[in-house]
Number of protein chains: 2
Amino acid sequence: MSGDRRVRRTRRLIQEALVALILEKGYEAVTVTDVIERADVGRSTFYSHFTDKHDVLLSNLDDHDFLRPAPDSGGGLFAFSLPMFEHARERGRLVRALLGRRGGGPLLAHGERLLAEIVRRELLAAGARPSGALDLLVVCVVGAYMGLLRAWVDGETAASPAELDATFRTAVEPGVRALIDGDVPYPHGRDE
Amino acid sequence: MSGDRRVRRTRRLIQEALVALILEKGYEAVTVTDVIERADVGRSTFYSHFTDKHDVLLSNLDDHDFLRPAPDSGGGLFAFSLPMFEHARERGRLVRALLGRRGGGPLLAHGERLLAEIVRRELLAAGARPSGALDLLVVCVVGAYMGLLRAWVDGETAASPAELDATFRTAVEPGVRALIDGDVPYPHGRDE
DNA sequence: TTCGATAACGAACAGAATGTTCTGGAGGAC
DNA sequence: GTCCTCCAGAACATTCTGTTCGTTATCGAA
């Protein structure tokens with residue numbers, strides 16, 4: 001544990017307060033004033049640690065590495081899928097607060113970018129060639145995955161990680177494989 | 001044209017001002033004060049027509065039917081895809097303002113629900129059976145489609161509607177077809 | 001235990017935004 | 001032309017933001 005105990009305490013109180021409030025009212029509705037009251041922390045203290053609400057959210061992202069499971073690229077295509085769903089279930093409360101619709105989705109964009117990078121690397125490793133078409137394919141795959149993740153986070157489904165993973169793979173893998181193996185930039189269109 | 005001319009004029013000025021401002025600063029950053037200044041309209045006038053910013057956004061949705069192309073279910077699977085991309089391109093400015101990340105995504109959720117209903121109907125028509133697995137599949141498909149739409153709206157790709165459509169179909173159709181024809185609720189898991 | 005550094009308190013502040021209310025005046029419908 | 005509706009404009013209470021500053025308490029190291 002590094003740093004002053006007071007600093008750790010204050011930061012933790014603020015982070016926890018924000019998460020709790022997001023779960024109650026949704027991200028947009030939470031004000032800085034709410035947070036400092038809940039955390040029982042002085043106003044100036046808040047601003048000496050964070051620049052604003054959003055900053056607190058990002059700090060949560062750093063402290064818990066909650067969207068970076070991808071232990072190793074051991075398995076085949078989309079190896080990230082199952083571990084990521086499971087990781088999300090373990091950290092249920094936090095993930096729900098930060099990634100769900102109530103979280104206002106400011107982190108969804110961040111998560112999508114992260115995932116897009118992972119997917120892109122996997123597809124390249126699987127033999128795809130860099131192109132505008134590949135980028136679009138990545139968007140498709142990420143969209144499908146995040147759709148499932150969000151549906152679970154928002155409680156729209158009671159499916160298990162295994163079932164979510166199965167749905168994802170079955171829906172997306174055949175098309176992706178065909179596209180990679182065929183190695184056609186655009187199926188019916190021009191490249192770029 | 002119904003109603004008082006002054007009313008029409010005022011409402012139109014406010015709607016146009018909001019769209020313009022969203023394109024400049026993004027939805028979140030636009031204030032009611034900005035809007036009434038741009039529209040050159042009194043403050044009380046604004047609140048006599050709309051309850052808030054979001055209300056203006058919704059009124060835009062009603063006036064232009066910008067996310068309801070789906071002319072008829074003529075073609076095969078995913079018949080909505082190409083017409084919808086084209087429709088989006090035609091209304092470029094407005095769609096960019098309302099659906100893009102700059103639009104804050106308050107309407108993305110609405111669009112997703114709409115699209116989910118369309119996709120669900122198509123899959124049922126194609127022979128799928130209602131189940132929890134089907135709902136998850138719909139989420140996947142919608143996620144992939146909206147991902148592409150958003151990528152285009154946000155200017156991340158210069159692809160044409162035809163190319164977007166092709167990518168979508170090629171990525172998603174094989175898996176969906178296999179799932180429907182096989183008619184297996186969950187590939188490797190339990191139902192519900 | 002002591003002591004210097006530093007973090008937190010808390011109150012106050014300017015600035016901006018929201019949403020309401022009122023009065024007088026202008027524009028449109030008929 | 002008349003009457004009624006809508007609009008302008010200003011003022012207002014309220015809420016939130018982000019900053020400042022003097023005081024107090026807490027920490028870590030010697």
Side-chain angles (χ1 to χ4, degrees), chain A residues 1-60 62-63 97-98 102-107, chain B residues 1-60 62-63 97-98 102-107:
Chain A
M1 269 309 138
S2 65
D4 198 314
R5 178 182 304 160
R6 290 169 294 179
V7 174
R8 288 199 307 272
R9 184 185 115 94
T10 299
R11 292 181 60 94
R12 183 177 51 78
L13 284 175
I14 290 176
Q15 288 173 332
E16 289 174 356
L18 179 63
V19 169
L21 286 166
I22 288 178
L23 287 170
E24 291 174 18
K25 312 169 46 172
Y27 178 73
E28 292 301 336
V30 177
T31 70
V32 171
T33 304
D34 290 334
V35 174
I36 63 180
E37 273 177 12
R38 176 68 61 98
D40 199 19
V41 145
R43 186 166 200 77
S44 53
T45 304
F46 177 94
Y47 284 106
S48 71
H49 285 284
F50 303 100
T51 68
D52 51 20
K53 220 185 4 171
H54 191 244
D55 194 27
V56 182
L57 215 56
L58 293 183
S59 77
N60 258 312
D62 294 340
D63 292 2
L98 302 187
R102 308 219 60 148
L107 286 191
Chain B
M1 272 304 139
S2 64
D4 198 313
R5 177 181 303 159
R6 289 169 296 177
V7 175
R8 287 200 306 273
R9 183 186 115 94
T10 299
R11 291 180 61 92
R12 183 176 50 79
L13 284 175
I14 290 177
Q15 288 173 333
E16 289 175 357
L18 179 64
V19 169
L21 285 167
I22 288 178
L23 286 170
E24 290 174 18
K25 312 168 47 173
Y27 178 73
E28 293 301 336
V30 177
T31 71
V32 172
T33 304
D34 289 335
V35 174
I36 63 180
E37 272 176 12
R38 175 69 60 99
D40 199 17
V41 144
R43 185 164 201 79
S44 53
T45 304
F46 177 93
Y47 284 106
S48 71
H49 285 284
F50 304 99
T51 68
D52 52 19
K53 220 184 5 171
H54 192 243
D55 194 27
V56 182
L57 214 55
L58 293 182
S59 77
N60 258 313
D62 294 339
D63 292 2
L98 302 186
R102 309 218 58 146
L107 289 191

Apply side-chain contact (heavy atoms from CB on, under 4.5 Å) to A:Thr51 and list each qualifying residue two or more places apart in sequence or on a separate chain. A:Asp55
Between C1' on C:dA7 and CZ on A:Arg11, what's the gap in Å once rounded to a whole number? 13 Å
For the pair made of CZ in A:Arg8 and P in C:dT6, what is the distance, rounded to whole Å? 17 Å
4.5 Å side-chain heavy-atom contact, B:Arg8 and B:Arg12: no
What are the two closest non-hydrogen atoms of B:His49 and B:Val7, and how far apart are they? CE1-CG1, 3.6 Å
Under 4.0 Å between a side-chain N/O of B:Thr33 and OP1 or OP2 of C:dA16, yes or no? no
Measure CG/B:Asp55 against P/C:dT18 and give the value in whole Å, please. 14 Å
A:Phe46 CZ to C:dA7 C1', in whole Å, measures 16 Å
For B:Asp34, answer base if it contacts any base atom (sugar-phosphate contacts may also be present), sugar-phosphate if it contacts only those atoms, and nothing otherwise; contact means non-hydrogen atoms under 4.0 Å. nothing
Pairs where residues 30-51 of chain B contributes a residue and the test salt bridge (Lys or Arg N to Asp or Glu O under 4.0 Å) is met, not counting sequence neighbours: B:Glu24-B:Arg38, B:Lys25-B:Asp34
Roughly how far, to the nearest 0.5 Å, is OG1 of B:Thr45 from CZ of B:Arg11? 13.0 Å
Please report the distance, rounded to the nearest Å, between CD in A:Glu37 and P in C:dA11. 13 Å
Rounded to the nearest 0.5 Å, how far does CD1 of A:Ile36 lie from CG of A:Leu18? 13.0 Å
Starting at the 5' end of DNA chain C, which residue's closest nucleotide do you reach first, B:Val30 or A:Val7? A:Val7
What is the distance from CZ of A:Phe50 to C1' of C:dA8, rounded to the nearest Å? 14 Å
Could you work out, with side-chain contact (heavy atoms from CB on, under 4.5 Å) as the rule, every residue matching B:Ile14, not counting sequence neighbours? B:Thr10, B:Val35, B:Ala39, B:Val41, B:Phe46, B:Phe50, B:Val56
For the helix from C:dT1-D:dA30 to C:dC30-D:dG1, figure out the bend between the end axes, five pairs an end, and round to 10 degrees. 40°
With a 4.0 Å cut-off (strictly under) to non-hydrogen atoms of chain B, the first and last hit nts on DNA chain D, 5' to 3', are D:dT5 to D:dG9
d(CZ, A:Arg5; C1', C:dA5) in whole Å: 16 Å
Protein-nucleotides 21-27 of chain C N/O pairs under 3.5 Å:
from	atom 1	to	atom 2	distance (Å)
C:dG27	N3	B:Arg6	NH1	3.4

Grab the CG-C1' distance between A:Asp40 and C:dG10 for me, whole Å please. 12 Å
